[in-house]
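What follows is a single structure, written as structure tokens, with notes after it.
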Amino acid sequence: MCRGCVAIIAEKPRSAYKIALYLSGGKPEKISVDGIPVWRFVYGGKTYVVVPSAGHLFSISTRRRGFPVFEYMWLPRHLVEKGKGYLRKYYDVFSRILPRASMYINACDYDIEGSVIGYMIIKKWGDVARMRRMKFSALTRSDILRSFRNLAPADYDMINAGLARHELDWLWGINVSRALTQVMRSLFGELVRKALSAGRVQTPTLFEVVNSYIARESFVPRVFFGVDIYVRYGGSEYRLESVDGVFDLRDSAVRHLQSVRSDPVAVVVDYVSRHVHIDPPNPPNLSDVQHDIYRLYGVSPSHTLKILEDLYLDSLISYPRTNSQKYPPSIDYISILEAFRSAGVFSSYIDKILGKGDLRPNNGGGEDPAHPAIYPTGELPRSFRSKLHKAIYEYIVRRFISTFMDPAIVSRSVALFDVKGRRYRLSGSVVVEGSWLNVFSYYRVDERSIPVFVKGSRVPISRTGIRRVYEKPPALYNKSSLLKWMEKMNIGTESTRAEIIDILFKRKYVEGSKSIIPTRLGLLVYHVVSRRFSEISRVELTREFEYILDSIRKGLRSKDEVIRRAVDTLRSVLSRANDALETDDHGMGSSCPICGLPVADRDLGLCCCHSAAYRRVYDVFRHWERSGYSWGEYLDFLAKSRYVGRFVKDLIAAGYVK
DNA sequence: GCAAGGTC
């Protein structure tokens, strides 16, 4: 079909089309092979064929069972991974076209994964000696043309960095998972029916969940004292907010209160009212959408991604797995806005946008080398697969339109008072010009108007009071905040984070529909990994990987040497686990008398959860004592406050704290 | 069956 042609390998069908479109000057010939769209065109007298993959077509696999396992090979994914049967067609198409080609251009995304995807395909059916690389940072006409006219030689440093990423993750993940499963079976046989797992990304994430759970459930709040001040003005009463914060000691709060009551007047020291501009939202990346949809509808990040994928495949929105918060002019946002206007969607707002001199989105800081921020294509939906599809699509349309709108204008007023040497504040906000707030209606300004106070005037205090203020317990994670933590730590990628959180649920390491709580199995895995395989529990393992891969990419280290060192480290970690299995001594010691988990604090004879709670109870009492509370009053509070963690309540019930 | 990373 294409003897002697030049084969261009694309990472996915959509980019294959764009590459063919731009290189052909707008008229590539579509030749479908087995239902997979392949594109042909002539350029400078030569025939080119653009063939799409669908991500990785090969993955690492082994025939060996047990651990340690250091022998592996790359095999077609449709043969070795469940649910990947659809990749066979892509595999077959390459097998028919590539052997006849005269040259091979890897035009996958320009990153280490893209280099691996193209390289493995060319290695299988082509000739790597005739392999070239297209280096583009965006799928735009100018970038595609430039990279095509300046074809780079084979990028072996990049390829080797990518191969090393796969191999390191596989070696660590498979070996520690297998070892962990065996150790857990030997310790807690009946609890471990299915295979367990551990990995560079999932295990530090599990540890973060467990650590935050321990912090929450061993929590005891410190107590502070707030003095409430209400003023009466123009027939209404207003509660002032303390600028100087709360009192550490009850005595100081009482003294302040007494002096206020002796002369109940608040003196206005300042009054400012000004217009504040609030910028519209930026173009959203994947996690912006995931967090907002979680906040608005309680939908999990992975479910949101599935729906975005549906909308993408239905041509309603752009590629969703992106980190970019920018709309480049190349996406032709004017035509998209015009499409919505003629369909009568927010027409009057779009009229105003298009009438502006400079039409600019409020771009954010997020960058992505391969894709722009998520936008609606301008194609109009006839129907939706579900109500949620509709809601998420509408969210993207509203966000898209609003990012081109003028800032909203809010009048913000703040009155500052002096009350016996302490500062108090009263503030209000009123929307003056709604602008984008009318379109992106998911965001609201808390409106409240306050009177105008004249500087120097004395306002009568109508009511006062003293109030205990308890320190807030640390929050447990939900799927959205855990995703945020992964982003902050920079572990996982845009497309895998939500999925990896789901793996923790699938393994039954964690549970909960809103807050994520570790299960007993999750806590036991936490203990065993801390004791035996702590290397893989640290976020820093990713940092080390990044550093190593970067030095491979720069040609400073060889892939083989890196893999050899990883194997050496693993060999010693795994042999210790193996020795323990043989002697049946895992060094777990005795069990916590309260919950049965392994003892973490030998002095107290308690697990990590209950020993943390025990120490916190006595530490925090010293704080309460300074405000004159007795041990009895403190215990009373511990028993009934909902701020107090359950590990503390366990200790009271078991008589450890009395 | 175990990872993490691409994408339908």
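Quick note on labels: first sequence line is chain A, next is B, and so on, each numbered from 1.
Looking at A:R65, its side chain has no donor and acceptor atom pair within 3.5 Å of the base of B:dG1.
Relative ring orientation between A:Y72 and A:W170 is described as tilted, the plane-to-plane angle lying within the 30° to 60° band. Using a 30° and 60° split on the angle between ring planes, A:F400 and A:Y375 fall in the tilted class, from 30° to 60°.
Looking at heavy-atom distances under 4.0 Å, A:T493 makes contact with sugar-phosphate atoms alone, never a base. Looking at heavy-atom distances under 4.0 Å, A:L171 makes no contact with the nucleic acid at all. Nucleic acid contact for A:G492: sugar-phosphate only, since backbone atoms but no base atoms lie under 4.0 Å from a heavy atom of the residue. Among the protein residues, A:Y319 comes within range of the sugar-phosphate backbone only, with heavy atoms under 4.0 Å from sugar or phosphate atoms but none that close to a base. Residue contacts shown for A:D109 are limited to sugar-phosphate atoms, with no base heavy atom under 4.0 Å away.
Note: CG (A:L286) to C1' (B:dT7) measures 14 Å, nearest angstrom. Here B:dC2 presents its P atom at 10 Å from OH of A:Y509, a figure rounded to the nearest Å. Between the CD1 atom of A:I174 and the P atom of B:dC2 there is a distance of 9 Å, given to the nearest Å. Look at CG on A:L549: it is 12 Å from C1' on B:dA4, rounded to the nearest Å. Atom CD of A:E81 is separated from atom C1' of B:dA3 by 10 Å (rounded to the nearest Å). Between A:N490 atom CG and B:dG5 atom P the separation is 10 Å, expressed in whole Å. Rounded to whole Å, the distance from CD on A:E11 to P on B:dG5 is 14 Å. The distance from atom CZ of A:R185 to atom P of B:dG1 is 12 Å, rounded to the nearest whole Å.
Comparing atom distances between the A:R178 side chain and each of B:dT7, B:dA4, B:dG1 picks out B:dG1 as nearest. Of the candidate nucleotides B:dG1, B:dC2, B:dT7, B:dT7 has the atom nearest to the side chain of A:A54. Here the nucleotide nearest the side chain of A:Q202, chosen from B:dG5, B:dA3, B:dT7, is B:dA3. When distances run from any side-chain atom of A:W170 to the nucleotides B:dT7, B:dC2, B:dA3, the shortest one goes to B:dA3. Closest approach to the A:E499 side chain among B:dG1, B:dA3, B:dT7 is made by B:dT7 (side chain taken as heavy atoms from C-beta onward).
Within the 4.0 Å cut-off from OP1 or OP2 of B:dA4, not a single side-chain nitrogen or oxygen of A:T496 is found. An OP1 or OP2 oxygen of B:dC2 is reached within less than 4.0 angstrom by a side-chain nitrogen or oxygen of A:R507. Dashed line: the shortest gap from a side-chain N or O of A:K84 to OP1 or OP2 of B:dT7 is not under 4.0 Å. Taking 4.0 angstrom as the limit, A:Y312 places none of its side-chain polar atoms (N or O) nearer than this to OP1 or OP2 of B:dT7. Contact between the side-chain N/O atoms of A:R200 and the OP1/OP2 oxygens of B:dG5 is found at a separation under 4.0 Å.
Between A:S61 and A:E309, the one whose closest nucleotide on DNA chain B sits nearer the 5' end is A:S61. Checking A:L57 against A:T181, the closest nucleotide of DNA chain B that is more toward the 5' end is the one next to A:T181.
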Please table the atom pairs, donor to acceptor, closer than 3.5 Å between any side-chain atom in residues 564-576 of chain A and protein atoms at least two apart or in another chain.
{"residue": "A:T569", "atom": "OG1", "partner": "A:R565", "partner atom": "O", "Å": "3.0"}
{"residue": "A:S572", "atom": "OG", "partner": "A:T569", "partner atom": "O", "Å": "3.1"}
{"residue": "A:S575", "atom": "OG", "partner": "A:S572", "partner atom": "O", "Å": "3.3"}

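Under the 4.5 Å side-chain criterion, counting only non-hydrogen atoms from C-beta, A:L145 is not in contact with A:S142.
There is a side-chain donor-acceptor pair under 3.5 Å between A:Q325 and A:D288.
Judged by distance alone, with hydrogens and angles left aside, the side-chain atoms of A:S177 form a donor-acceptor pair with the main-chain N or O of A:A198 at under 3.5 Å.
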